[in-house]
Amino acid sequence: MPELPEVETVRTHLAPYVVGKRIVQVEVNAPNVLKNTTVPGFRNRVVGKRIEGLVRRGKYLQFLLSGEQAVLVHLRMTGKLLYRPALQEEPRARLRLHLQKGLLVYEDVRTFGGFWLVPKTGPTGVPGYDTLGPDAAGEAFTAAYLRQCLAGKKRMIKALLLDQHVVAGLGNIYVDEALFAAHIRPDRQAATISRTEVGKLHAAIGRVLAQGLAHGGTTIRDFVDSNGREGTNQSFLQVYGREGMPCPHCGTRLVYTKVSGRGTRYCPHCQRKRRRTQHV
DNA sequence: GGGAGCCTGCTG
DNA sequence: CAGCAGGCTCCC
């Protein structure tokens, strides 16, 4: 479900309610959400700890606990982190952290997401996490860095942008939106994208992420913030979910196809294929 | 590269 | 009923 703007929305909304509070009880209804611990192991290391911070890296959230450890969370497709001020019936909760005051609830229909217990510093051993690229919303993600990543690469640009080792936080929606804004076809070979185009692409990524964040994230079907509220960015999308509708720039019918296994929308006119001989 | 697999639920 | 879904890993 969530990409960088959605995860960041959850973080900013959730932090004021949980940071500073002590975890008094752990309730696990679906043990498979614990990816690298057992229920007793998780409980032993988490109960009694205080949540000292909530940070995001790419699409991961990390609850920093008092002591040496942190709880790493990835929502994958349908994970939700919700704050409840008081105990209530919670038939869909996969896991609940009872706090001094209130509860942190984890829901996840498809149970792709989950929790890892990790050291606050040093390698975590979590597949994918230690090798994340620079955060897409961070200062280290520059146009020059992006240019280096594309140079000489035969991969399709969409596959490369979805690769969290290259840049962390982009997903299917925002990649399609950024490529449309930069007038680049999703299946272009990365190496064929010109220096000027890379500059436009980098700027477009910044814009679409900022717009998503400003609208509290994109809700197509599942996404809600920690208060259960949906985002509004879906109303501002230019191509994602709009196949068959006219391109907002030129009126050509937007196309749906598969690129690197993912549903992909683009404008066949604004995002024309370029000659293979262009260079970075 | 591409594909299967992890899961459940919704849409056509 | 098949196909699709804001993700990611593993395995050719």
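Under the 3.5 Å distance criterion, with hydrogens and angles disregarded, no donor-acceptor pair is assigned to the side chains of A/D225 and A/T9. Side-chain atoms of A/Q211 and A/Y174 form no donor-acceptor pair, as typed in the model, at a separation below 3.5 Å. Between the side chains of A/H165 and A/T131, a donor-acceptor pair is found at a separation under 3.5 Å. No side-chain N or O of A/D222 forms a donor-acceptor pair with one of A/T78 less than 3.5 Å apart. Side chains of A/T264 and A/K158: a donor-acceptor N/O pair is present below 3.5 angstrom, by distance only.
A gap of 15 Å separates the P atoms of C/dA2 and B/dA4, to the nearest Å. Nucleotides B/dG3 and C/dG3, compared at atom P, are 14 Å apart to the nearest Å.
Contact annotation: A/K258 side-chain N/O to B/dG2 OP1/OP2 distance is not under 4.0 Å. In terms of phosphate contacts, A/R92 brings no side-chain nitrogen or oxygen within less than 4.0 Å of OP1 or OP2 of B/dG9. Of the side-chain N and O atoms in A/Y256, one or more sit less than 4.0 angstrom from OP1 or OP2 of C/dA5.
Residues A/F180 and A/Y266 keep their aromatic ring centres 6.0 Å or farther apart.
The side chain of A/H74 lies closest to C/dC8 when the candidates are B/dG1, B/dC7, C/dC8. Between B/dG1, C/dA5, B/dG9, one nucleotide has an atom nearer to the side chain of A/R155 than all others, and that is B/dG1. In the set B/dG2, C/dT9, C/dA5, the nucleotide with an atom closest to the side chain of A/M77 is C/dA5. Of the listed nucleotides (B/dC7, B/dG1, C/dC8), C/dC8 has the atom at the smallest distance from the side chain of A/Q164. Here the side chain of A/K154 is nearest to one of C/dA5, C/dC8, B/dG1, namely B/dG1.
Atom CD1 in A/I157 sits roughly 16 Å away from atom C1' in B/dG1 (whole-Å rounding). In this structure, A/L162 places its CG atom 15 Å from C1' of B/dG2, rounding to the nearest Å. Counting to the nearest Å, the P atom of B/dG2 and the CG atom of A/D187 are 10 Å from each other. Counting to the nearest Å, the C1' atom of B/dG1 and the CE atom of A/M156 are 7 Å from each other. If you take CD1 of A/I220 and P of B/dC10, they are 16 Å apart, rounded to a whole angstrom. B/dC7 atom P lies 13 Å from atom OH of A/Y106, rounded to whole Å. Look at CD on A/E107: it is 15 Å from C1' on B/dG9, rounded to the nearest Å. C/dC10 atom P lies 14 Å from atom CG of A/D163, rounded to whole Å.
Contacts of A/P127 with the nucleic acid, taken as non-hydrogen atoms under 4.0 Å apart, involve only primed sugar atoms and P, OP1 or OP2. In this structure, A/Y240 reaches the sugar-phosphate backbone alone: every heavy-atom distance under 4.0 Å involves primed, P, OP1 or OP2 atoms, never a base. Contact annotation for A/G261: no contact, since no heavy-atom pair falls under 4.0 Å across all strands. Among the heavy atoms of the strands lying under 4.0 Å from A/G263 are primed sugar atoms or P, OP1, OP2 only; no base atom is included. At the heavy-atom level, A/T78 lies nowhere under 4.0 Å from the strands shown. Contacts of A/D108 with the nucleic acid, taken as non-hydrogen atoms under 4.0 Å apart, are absent. Within 4.0 Å (heavy atoms only), A/Y129 reaches no atom of the nucleic acid at all.
Under the stacking criterion of a centre-to-centre distance below 5.5 angstrom and an interplanar angle below 30°, A/F112 sits stacked against the six-membered ring of B/dC6.
In the displayed structure, A/K153 atom NZ is contacted under 6.0 Å by more than 12 heavy atoms of other residues, nucleotides or ligands.
Pair check for B/dG5 finds C/dC8; Watson-Crick or G-U wobble, both atom distances under 3.5 Å.
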